[in-house]
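One structure is given below, encoded as structure tokens.
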There are 2 protein chains.
Amino acid sequence: MRTTDMPLIRRSRLFAQVGEPDLAAMLTACFVQTLPDGAVLCRQGEKAEFLHVVLSGRVGLFGEAARDEALVEFLGPGDAFIVPAVVLDVPYLLTARLLDEGRILMWPAAAFRAQVRATGQLAYGAVLLLSGYWRTLIGQIKDLKLLSAIERLSAFLLALAPRDTGPVTVTLPGGRRLVAGRLGITPQSLSRAFAALRPLGVSGGGREVVIADPARLREFAGVRALKNT
Amino acid sequence: MRTTDMPLIRRSRLFAQVGEPDLAAMLTACFVQTLPDGAVLCRQGEKAEFLHVVLSGRVGLFGEAARDEALVEFLGPGDAFIVPAVVLDVPYLLTARLLDEGRILMWPAAAFRAQVRATGQLAYGAVLLLSGYWRTLIGQIKDLKLLSAIERLSAFLLALAPRDTGPVTVTLPGGRRLVAGRLGITPQSLSRAFAALRPLGVSGGGREVVIADPARLREFAGVRALKNT
DNA sequence: CGGGTTACTTGACGTGAATCAAGCCCGATA
DNA sequence: TATCGGGCTTGATTCACGTCAAGTAACCCG
């Protein structure tokens, strides 16, 4: 573990409430790995061996079916996964794959389970982290059930931008193929959705997307001011 | 609070780890209400006032959009909601409505926040509870993204039945309209999906559904043995 | 510089599910 | 008993999105 990792570890909600000495003690059981783009951290259906905390790089969580797979969520530095599988000691529901080269904190499952049961601050951190995830997942389910593909793309782009801003450039968290999976559509449909938003001031080039008028886009997305409320 | 409520309270994962005296102390801040069918417990967009724990009856969690609403999840005795909104002190993402007459434990938000921060066992219970919810939500997202309406219905019915069983009768957690919402389809499509499953041995009458051959249904649902793994 | 690979876009077409619209069943009410 | 109304089913039609198939652009490697 490098000394430069500590600030990254502290940034995670999971550890926000844990005191310095306790944290140091906990981390003796852990190690950090630098892994290449495409590395698989855990595979759907396998038993949880480690809790992973992303220190740098981005990770994609994928659900796999017969001949298909769909990206469920993007994760970045500070995110921990898969807390639920580790805590409950059951198999993973998802496959996690690095989308970049990245550094990952590895925490043996049994040690983490014991710690979270013993240390109130860590459990509280886990509650905060899981609460945040619960909300993003609920948001995604609502989007899938209530919104069209174009509206979902609008909402997704707006969520990448700061609130109440003028023209902005946002950076997609992955290639178009991955974004399409996150939105629950095919890459082709995503391409068409971007085309449909172009008259509304969304001009895309590669991974950078310019939103000329966020207010107009927000209005179009259906009166969705309640989105993150 | 009635004495008959205590066993129900103990059944919830949230309190499983909390010792008897601590529990009694915590509950002094709470009260229990019996509410009629259709009562709204919290409304999307409002600030969290109470944590609710279902003691009896069933509750539906609904997402609301412009002119539409969709059932996101059914809850029953032992379930607590909306922990994330209460813990993070942010507005609800969902509206909760009683589907039956039911008894609900009401826990003032500020008191719960303080308790969960102070009491490791309670925080740990919350971690367990949220971990379970995380997994059901992930399952639902995977279903929405990867499965057709008919496959989703199959998976949903199978999840209601005990594993590895012969012919069974399952009870839907709500009317067809609600089940359709949970599956992300319209009631008409649900009706057609049931019709499509009839040749596979699914015969429905009202809220009771008979699955003549769960193994065959499971195979049909796509090689989804990994569903809850 | 050429050839290949990968990522994205665009077009034509098919299909699953929504929508519109009856019709049916059954329980509640007078 | 007659009438009403809500929940469910069924049929016809429409539409959003998926699928299949080119086509283009950018990048890598020989």
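Values reported hereafter were calculated over all heavy atoms of this structure, with side chains retained and with hydrogens, waters and symmetry mates removed. Residue numbers start from 1 in every chain, and the chains themselves are labelled A, B, ... in the order their sequence lines are given, proteins ahead of strands.
Atom CG in B:L172 sits roughly 16 Å away from atom P in D:dG7 (whole-Å rounding). The separation between A:R207 atom CZ and C:dA7 atom C1' is 11 Å, rounded to whole Å. To the nearest angstrom, C1' of D:dC17 lies 14 Å from CG of A:L153. Per the geometry, CG belonging to A:L183 stands 18 Å off P belonging to D:dA16, to the nearest Å. Atom CG of B:L147 is separated from atom C1' of D:dG18 by 16 Å (rounded to the nearest Å). Counting to the nearest Å, the P atom of C:dG16 and the CD atom of B:E151 are 11 Å from each other. Between A:L144 atom CG and D:dA16 atom C1' the separation is 15 Å, expressed in whole Å. Rounded to an integer number of Å, the gap from A:K145 NZ to C:dA17 P is 15 Å.
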Listing, residues 166-174 of chain B side-chain donor-acceptor contacts under 3.5 Å, not counting sequence neighbours, or none:
residue	atom	partner	partner atom	Å
B:T171	OG1	B:E208	OE2	3.2

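Every residue meeting the ring pair (Phe, Tyr, Trp, His ring centres under 6.0 Å) condition with B:W107, not counting sequence neighbours, appears here in chain and number order: B:F15, B:F112. Not a single ring pair (Phe, Tyr, Trp, His ring centres under 6.0 Å) links A:F62 to another residue, sequence neighbours left out. Applying the side chain to side chain contact (heavy atoms under 4.5 Å, CB included) rule to B:Q33 yields the partners B:F31, B:L35, B:M106; only residues at least two apart in sequence or on another chain are considered. Under the salt bridge (charged side-chain N to carboxylate O under 4.0 Å, His left out) criterion, A:D37 pairs with no residue at all, not counting sequence neighbours. With sequence neighbours left out, the side chain to side chain contact (heavy atoms under 4.5 Å, CB included) criterion links B:T136 to B:E73. Here B:V40 pairs with B:R43, B:T95, B:R97 under the side chain to side chain contact (heavy atoms under 4.5 Å, CB included) rule; sequence neighbours left out. A search for side chain to side chain contact (heavy atoms under 4.5 Å, CB included) contacts involving A:V90 returns A:L88, B:R135, not counting sequence neighbours.
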Give me the distances for all protein-to-nucleotides 26-28 of chain D N/O pairs that come in under 3.5 Å?
none

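Between B:T186 and C:dA18 there is a side-chain N or O to OP1 or OP2 distance below 4.0 Å.
Between the side chain of B:Y133 and the backbone N or O of B:A80 there is at least one donor-acceptor pair closer than 3.5 Å.
Fit an axis to the five pairs at each end of the helix from C:dC1-D:dG30 to C:dA30-D:dT1 and the two axes sit 30° apart, to the nearest 10 degrees.
Evaluation of the salt bridge (Lys or Arg N to Asp or Glu O under 4.0 Å) test over residues 190-202 of chain A, restricted to residues two or more places apart or in two chains, returns none.
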Encode nucleotides 9-15 of chain D as B, S and - characters from 5' to 3', where the letter depends on protein heavy atoms closer than 4.0 Å: B to the base, S only to sugar-phosphate, - to neither. BBBB---

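Using modelled atom types, one finds a donor on one side chain and an acceptor on the other under 3.5 Å when comparing B:K145 with A:Q140.
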